[in-house]
Amino acid sequence: MSKTKIQTGKKLSTRMQGARAVWVAVGILALAFLVGVLAPAWYFAGRLVDNNTAVRAIGELQQQPSRMQAALSSIQDRLRARGFVRDSIEQLKRATSQFESATATLEAGGGSSTFGGLGNDDDVHNTIVEMTQAWKKYQPALAPVANFTSIPYSDSEREGTQLNVDGRDLQQKVTNAVTQARAYTPQLEKNLAQIIAGLQSSSDALATALRTVVLIGVGLAGALAALVGYLSLARGKQAAAATAARQQTEDILRTVREGLFLLDADLKIGEIHSDATAQLFQRESVAGITFEDLLRNLVSAKTLAIATKFVKVLWSERTKENLIRSINPLNEVELQVGEKGSKDAELRYLEFNFHRVRRDGAITHVLVSVADVTARVALAAQLKGAQDSAQTQMDAFLSILHVDPNQLSSFLDDSDVAFKMINATLRDPARDSASFRRKIDGLFRQIHSIKGEAAAIGLGSMETRSHALESDLAALRERTDLTGDDFLPLLTKFDDLVSHSQSVREMVTKLASFRDSFAPKAGHASAAGGHASASTGDTTSRHRALGADSSPSGEHAAEATLQRSAREGFVASAQQLADRIANDNGKKVVVTCRGHDQVPESYRRPVKDVLIQLIRNAVVHGIETPAERQAQGKAAEGHIRINFEMTEGGRAFRMQCEDDGRGLTPEKLRKTAVAKGIISQADAAALSDQEAMMLVFRSGFSTAKDVTRDAGRGVGMDVIAEIAARLGGRISLNSEIGKNMKLSLSFPAQANAAGVVAA
């Protein structure tokens, strides 16, 4: 994702945060509008309603003085006419009572229902006080009339209906009340009219205030609406920009070929991720799953645990991101993507990178980018393979230049025979565990012999390939369940070994041709024939080269020369092999070889194989380091003495190998055999010291702690035992702890060379 796009996203995020703040401010303004405008309007409207209610109530009350005066006039008239006065008195009583009650209410400041609108107007209150005082003066004149309950008339035949005493008293009180009514009725009506006028004036003021508030509210509402409109427009633009940015982000995430996703503090993958992420891990979606679940079953448990810890460390502020990047455990990690065995399963190399994501200075997420580097890794492997191949060719070529031609020729010929035997062993059908074990042991011996001879002549390229093949065989030996398919992977390395052997032979041939082009012609060829022919590395070629002197005597002499040269080279190779192994183990060794010209040609290869194993065994296990030897009063250099001789009047051939090392310790051999499960504890205890020393010839037996190219697989002495058994030989082993070990191997003198090779 480009830097520009990221900055655009940040700007949009900042704008959206600002927009949210503005909308919050708008909300606060709207609330202030409701409180500051609508609340006063509600208050003034309520006051208007109360005022109107009070005006109607007082308007109704304003009629009471006239009614009371009318009732008094009616009573007065009816008393004169000796009429029925009770109705008028009741009318007066109701009017008086209502006015009395209303006056008391007004005097008390009004009421919440009827006179609630009086408010705090001083003029109105003064008027009420004035009216109340007038009423208090007027009311005593009305009360006797309103409360009159007697019968005002008495009837007689002579005078008819006349006012009695009560009637006359009532008439007098009515007359007084009428007089008072004439005085107070106008005042009361005037006071009530003033109160109504005051209330109307207050209503006008309230109406004006309400109108003002409404106008202000309308203005504020308009301004608020304009602000909302502006913000909505701005928000629309921001939304459009956000949509465009989101679309661009989605386009990027859809197009980018890397896996991109965010991890939160719980290492859970976020909702947004690139399409390539799901494709890399062959999932429909990775959103919501944890980082551990994503990699589970794709990497080893150990790698998963380390990767999880690595990501968690990124959340610590004290961790320096750049410093720990070099220990990223998921750099070019190999993943088996897809269900194993399915057609979609494939091996990929993915490269994970982790970057912190900060917001306001705090770590909020970890951005994970995943790149498929399978092609890069494959290309690097191809380049390395090509470089290795070129280096190998060069090493092989340089090795050839330093190898005795006769030894090299002999090695290649023997290797060809060994390859045929390996091929036959691989094709040999096997169906049970025992037959598989025999096949592995047979392959082991052949490969070990090739490896040993390659090491003896200093052909490291062949030794390395043989050692790799030997390691695969060792892995198969450790398995308990074997099938024929388990041997198929061996074919690749075996083909490589055979191909390399052929390459060496081709290089030898080319080198010989090169030398031949500069070699002396005709008569000179005979003198140098032995050396030139061996350099071809081919037995047939050697005979062709020897053809410079094609007579039988000439061929015999040349072959004798080759054999002599091979034996001399054989001795030199023994010392060379001993020096190389001693150098690897920090030791010094001198090899002394006697009677090597006594070795029958038919025993050449088996003797050579035995000798290689004995030298290996002696240098690795027998000879001590210089410091150890000097501590024991020995010379710093160990000695290996090899002797060949004909015995029993020429009927037998014997070879002896003796070293002046630490010798064999029977008790140590017993413990090793028990530890490796070769024999039981009871069987080990029952062995004599001589029988315990013979344990070294058991297959898989080795006292070496680690496997190296010269020891640790338990196959060296096993090869000697197998050769001795195959050739009808006898083995004798003697050792003195701390002083020496001597191995004698006797063979019948007459041996069939073909049988030796093909057995």
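In this text the structure is predicted, and so the values were computed from the model without any measurement. Quick note: residue numbers are just sequence positions, from 1.
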### Message
Keeping R359 on the side-chain end and T364 on the backbone end, is there a donor-acceptor pair under 3.5 Å?
### Response
no
### Side-chain donor/acceptor of T255 to backbone N/O of D251, under 3.5 Å
yes
### Message
Can you list everything that forms a ring-ring contact (aromatic ring centres under 6.0 Å, His included) with F310? Sequence neighbours excluded, please.
### Response
F354
### Message
I'd like to know if the side chain of N328 and the backbone of F352 have a donor-acceptor N/O pair within less than 3.5 Å.
### Response
yes
### Task
Spell out, as yes or no, whether a donor-acceptor pair under 3.5 Å connects the side chain of E628 to the backbone of T625.
yes
#### Entry: Check: L260 main-chain N/O paired with S274 side-chain donor or acceptor under 3.5 Å
yes
### Query
Do R283 side-chain atoms and V286 backbone N/O form a donor-acceptor pair below 3.5 Å?
no
### Task
Report yes or no: does T665 contribute a side-chain atom to a donor-acceptor pair with the main-chain N or O of E667 at less than 3.5 Å?
no
### Query
Say you draw a straight line from CZ of F494 to CD1 of I447; how long is it, rounded to the nearest 0.5 Å?
6.5 Å
### Summary
So OG1 of T303 and CG of L330: to nearest 0.5 Å the spacing works out to 7.5 Å
### Message
Does L215, at its CG atom, have more than 12 non-hydrogen atoms belonging to other residues, nucleotides or ligands within less than 6.0 Å?
### Response
yes
### Message
Please determine whether a side-chain nitrogen of the Lys or Arg among D496 and K493 lies less than 4.0 Å from a carboxylate oxygen of the Asp or Glu.
### Response
no
### Message
For R616 and H448: C-alpha separation, side-chain torsions, deciding distance, then whether side chain to side chain donor-acceptor pair (under 3.5 Å) applies.
### Response
CA-CA 12 Å; R616 272 182 170 156; H448 198 69; 3.3 Å; yes
### Summary
d(F44 CZ, R211 CZ) to nearest 0.5 Å is 12.5 Å
### Query
Taking T277 for the side chain and H273 for the main chain, is one N or O donor matched with an acceptor at less than 3.5 Å?
no
### Query
When rounded to the nearest 0.5 angstrom, what is the spacing between CE in M421 and CG in L426?
12.0 Å
### Task
Supply the atom-to-atom distance K451 NZ to L497 CG, rounded to the nearest 0.5 angstrom.
12.5 Å
### Message
For the residue pair K268 and F291, would you count it as a cation-pi contact if the rule is NZ or CZ under 6.0 angstrom from the ring centre and within 45 degrees of the ring axis?
### Response
no
### Task
Please identify each residue that fulfils ring-ring contact (aromatic ring centres under 6.0 Å, His included) with Y349, with sequence neighbours left out.
none
### Message
Check K587 with E624, please: is the shortest side-chain N to carboxylate O separation under 4.0 Å?
### Response
no
### Task
State whether R437 and D441 are salt-bridged, where the test is any N-O pair (Lys NZ or Arg NE/NH1/NH2 against Asp/Glu carboxylate O) under 4.0 Å.
no
### From CA spacing to verdict: side chain to side chain contact (heavy atoms under 4.5 Å, CB included), T319, R356
CA-CA 11 Å; T319 302; R356 289 167 171 165; 3.3 Å; yes
### Query
Is N585 reaching over with its side chain to a backbone N or O of I581, donor-acceptor style, under 3.5 angstrom?
yes
### Message
One thing to verify: whether E334 and R348 come together as a salt bridge, which I'm taking to mean a side-chain N less than 4.0 angstrom from a carboxylate O.
### Response
no
### Task
Mind running side chain to side chain contact (heavy atoms under 4.5 Å, CB included) on R246 and T243 for me, showing each step along the way?
CA-CA 5 Å; R246 185 169 55 253; T243 300; 3.5 Å; yes
### Audit row: L490, L473, side chain to side chain contact (heavy atoms under 4.5 Å, CB included) steps and yes/no
CA-CA 8 Å; L490 299 176; L473 285 169; 3.7 Å; yes
### Query
Do D495 and T492 meet the criterion of a side-chain donor-acceptor pair at a distance under 3.5 Å?
no
#### Entry: Side-chain donor/acceptor of S471 to backbone N/O of H467, under 3.5 Å
yes
#### Entry: Evaluation steps, side chain to side chain contact (heavy atoms under 4.5 Å, CB included), between R445 and D718
CA-CA 8 Å; R445 293 189 189 97; D718 177 38; 3.6 Å; yes
